[in-house]
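Heads up, the thing below is written out as structure tokens.
Labels below follow one simple rule: chain letters A, B, ... track the order of the sequence lines, proteins then strands, and each chain is numbered from 1.
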2 protein chains.
Amino acid sequence: MPRPVIEFWFDFASTYTYLSAMRIETLADTHGVDVIWRPFLLGPIFRAQGWDTSPFNLYPAKGTYMWLDVARRADALGLNFVQPDPFPQNSLLAARTACHLPDGPQLASFCRHVFDAEFARGQNISDPQVISACLEAAGLQSSAVETASDDSTKSALRARTDIAAQRGLFGAPSFFVANELFWGDDRLEDALRRAVPEAGDTTTGSSNDRK
Amino acid sequence: MPRPVIEFWFDFASTYTYLSAMRIETLADTHGVDVIWRPFLLGPIFRAQGWDTSPFNLYPAKGTYMWLDVARRADALGLNFVQPDPFPQNSLLAARTACHLPDGPQLASFCRHVFDAEFARGQNISDPQVISACLEAAGLQSSAVETASDDSTKSALRARTDIAAQRGLFGAPSFFVANELFWGDDRLEDALRRAVPEAGDTTTGSSNDRK
């Protein structure tokens, strides 16, 4: 029996995704669920809504609250948190690099190292040296950062971002269990519970659509 | 010793507020916390952000998700849920009527009856007969709906909405513990925990600012 899966869709610049990224594997494992990491780009989705930057910059009251709220949640999780400068970070290089990596624990480890560099240590994730160091920390070749400039990698990330829009994603983090969407770090627990098939239930969990 | 308090700020048209309104008193009581109900109008705050209706209408992907998510949460709480038509409802009459009522259990009961009429039974809360029935159900005079057209009531609601904007509110439901903001039904539990003073702590809870 394959384990049930949850798809974890995110943009590396997303503050609330930091909270999910640092706890999802441990939490999913306690539910017996596997995580499929799906980095994509929010920029094109935000632009389609008429936004040229993060809504946290466009709407200052919402932004002021977000910084307070993420710091509060990070503190509750025992995570260091520093406000990236500039915000949002340019996540293109990290997303392309991740998009080229095969699914598995090294991809997950790379992603966590990127979030840690960005939000725990205040590093700039558009810097190839930062991304190379994250690859090495995940046991990967630092030269994998060079795949980011391959046309095939660029196409793969564009295709993934198109799929995100088609599936109704509008923010990050987002979780899919089969085709049911859960948006936001606050829904991670609900999504994991949904991923676990109930006795006799064949409609969720391991039977889901991994497209 | 007065009990610690939480301020509960909301617009009667807010879908996620329905989830909070129907459970906040019971949950607050288990924490030993009193609830101050503070209806206001989101419309002016949304207009200041350039929005002429609910963001759930302006951003269709977000709206599609919201209907699914609120229905899912209502189901988990054992609440009936019907999508109001039109959405958002015009909440002016309900807000003015509530703004004229003194703080206390009858105000809370009136507010819950309005949310129940709107979201559990699909009634139109801009209808004075619906609001009158909610007043009666809360043990109040149905004629209190007429206070909604008093200049003093209109001014009081405008002043309250101005205060909301000044205090950094940008959505509903919002909770204040002293001047610390918690936004969204998902933060209700966190806000209540914050309201309870820790042993020897005099900086939160009952010492808060009720302005």
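- Neither the backbone nor the side chain of A:I45 comes within less than 4.5 Å of any heavy atom in chain B.
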Step by step, work out the ring pair (Phe, Tyr, Trp, His ring centres under 6.0 Å) result for B:Y59 and A:F170.
-> CA-CA 9 Å; B:Y59 305 110; A:F170 56 90; 9.6 Å; no
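- Put simply, of B:G171, B:A165, B:G184, B:A61, the one with the most heavy-atom pairs under 4.5 Å next to chain A is B:A61.
- At a 4.5 Å heavy-atom cutoff, the contact between B:L68 and chain A is made by side-chain atoms alone.
- Within residues 14-26 of chain B, the residues that have a heavy atom under 4.5 Å from a heavy atom of chain A are B:Y16, listed by number.
- With contacts defined as side-chain heavy-atom distances shorter than 4.5 Å, the pair A:Q49/B:L58 does not qualify.
- Panel note: side chain B:Y65, backbone A:G168; no donor-acceptor pair is recorded below 3.5 Å.
- Between chain B and the residues A:L169, A:D190, A:T64, the largest count of heavy-atom pairs under 4.5 Å involves A:D190.
- Residues of residues 70-88 of chain B lying under 4.5 angstrom from chain A, judged on non-hydrogen atoms, are B:R72, B:R73 by number.
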